[in-house]
Amino acid sequence: QVQLVESGGGLVQPGGSLTLSCTASGFTFSKYDMSWYRQAPGKERELVATITKSGRSTNYADSVKGRFTGSRDNAQNTLYLQMNSLKPEDTAVYYCNSNIGWSAYWGQGTQVTVSS
């Protein structure tokens, strides 16, 4: 079955950096675009970045452009999100996502807290 497992979250000071990882299994990872979403307390889940199946192209939410970089390693079935210049408003649970056929698959999420 499809499994997505995020890791790499934690507590970081404003201006700091974190790299999130998402390890995928149960499907042919290289055949699907992958996305990162986040959900802050009391807010709806929002799209952060979408990485095409080849990894050659990534689209970002305006709020993270220039600070976040999405990438993937298809040989390792792993998705990444490099987050730099983190702000308190980046505090959220971050999820990786894959849409396969009519189904959307999500990991369990990893908490990112940006605070001094």
Side-chain angles (χ1 to χ4, degrees):
Q1 69 276 23
V2 173
Q3 284 195 316
L4 301 171
V5 180
E6 301 95 338
S7 61
L11 174 64
V12 63
Q13 291 188 341
S17 298
L18 278 176
T19 300
L20 306 182
S21 300
C22 171
T23 302
S25 61
F27 65 105
T28 306
F29 182 73
S30 60
K31 289 188 176 181
Y32 296 92
D33 296 351
M34 297 290 296
S35 296
W36 286 100
Y37 284 75
R38 66 185 181 186
Q39 187 165 20
K43 294 189 176 181
E44 292 190 355
R45 194 170 294 191
E46 65 170 346
L47 178 62
V48 174
T50 297
I51 300 95
T52 59
K53 55 190 175 185
S54 68
R56 293 194 192 101
S57 179
T58 305
N59 293 315
Y60 299 96
D62 288 344
S63 58
V64 306
K65 276 181 184 175
R67 300 188 299 121
F68 289 12
T69 302
S71 63
R72 63 195 293 164
D73 183 341
N74 285 344
Q76 298 295 323
N77 288 354
T78 303
L79 182 74
Y80 300 99
L81 186 67
Q82 172 69 43
M83 305 185 295
N84 299 325
S85 302
L86 283 161
K87 304 175 181 180
E89 51 264 42
D90 295 318
T91 294
V93 178
Y94 284 71
Y95 300 90
C96 66
N97 159 265
S98 181
N99 295 319
I100 302 172
W102 296 103
S103 298
Y105 295 91
W106 302 89
Q108 83 289 350
T110 186
Q111 175 71 48
V112 172
T113 302
V114 184
S115 175
S116 54

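Please read all numbers here as calculations on a predicted model, not as lab measurements.
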Working to the nearest 0.5 angstrom, can you tell me the gap between [X] [atom1] and [Y] [atom2]?
X	Y	atom1	atom2	result
Lys31	Ile100	NZ	CD1	11.5 Å
Asp90	Ser63	CG	OG	7.5 Å
Ser85	Arg67	OG	CZ	7.0 Å
Cys96	Tyr105	SG	OH	13.5 Å

query: Relative to the ring of Phe68, is the ring of Tyr94 parallel (under 30°), tilted (30 to 60°) or perpendicular (over 60°)?
result: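 Taking Phe68 first and then Tyr94, their aromatic rings sit tilted (interplane angle of 30° to 60°).
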field: Lys NZ or Arg CZ of Arg38 over Tyr95 ring: under 6.0 Å, within 45°
entry: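 Geometry flag: not set, cation outside 6.0 Å or 45°.
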So does [Y] get a backbone contact from the side chain of [X], meaning a donor-acceptor N/O pair under 3.5 Å?
X	Y	value
Arg72	Thr52	yes
Thr91	Val114	yes
Tyr60	Gly70	yes
Thr110	Gly9	yes
Asn74	Lys53	yes
Ser54	Arg56	yes
Trp36	Leu79	no
Thr78	Gln76	yes
Gln108	Glu6	yes

message: Testing the basics here: between Ser98 and Met34, what is the closest heavy-atom pair and its distance to 0.1 Å?
response: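 So the minimum-distance heavy-atom pair works out to CB-SD, 3.4 Å.
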field: Which atom of Pro14 lies closest to which atom of Ser116, heavy atoms considered
entry: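 In this case the closest contact between Pro14 and Ser116 is CD-N, 3.7 Å.
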Option among Thr58, Asn99, Thr50, Asn59 that satisfies the side-chain hydrogen bond (donor to acceptor under 3.5 Å, both in side chains) test with Ser35: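 Between Ser35 and the candidates, side-chain hydrogen bond (donor to acceptor under 3.5 Å, both in side chains) is satisfied uniquely by Thr50.
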- prompt: Can Asp62 and Lys65 be counted as an ion pair, charged N to O under 4.0 angstrom?
  reply: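 Salt bridge flag = yes for Lys65 with Asp62.
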State, with a plain yes or no, whether a side-chain heavy atom of [X] is found less than 4.5 Å away from one of [Y].
X	Y	result
Ser17	Gln82	yes
Thr69	Met83	no
Tyr37	Trp106	yes
Leu86	Leu18	yes

same_hphob_cluster([X], [Y]) at 4.5 Å side-chain heavy-atom cutoff:
X	Y	answer
Val93	Val64	no
Val112	Val5	no
Phe29	Leu4	yes
Ile51	Phe27	yes

task: Flag yes if more than 12 heavy atoms outside Glu89 fall under 6.0 Å of its CD atom; otherwise flag no.
output: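 Enclosed: over 12 neighbouring heavy atoms sit under 6.0 Å from CD of Glu89.
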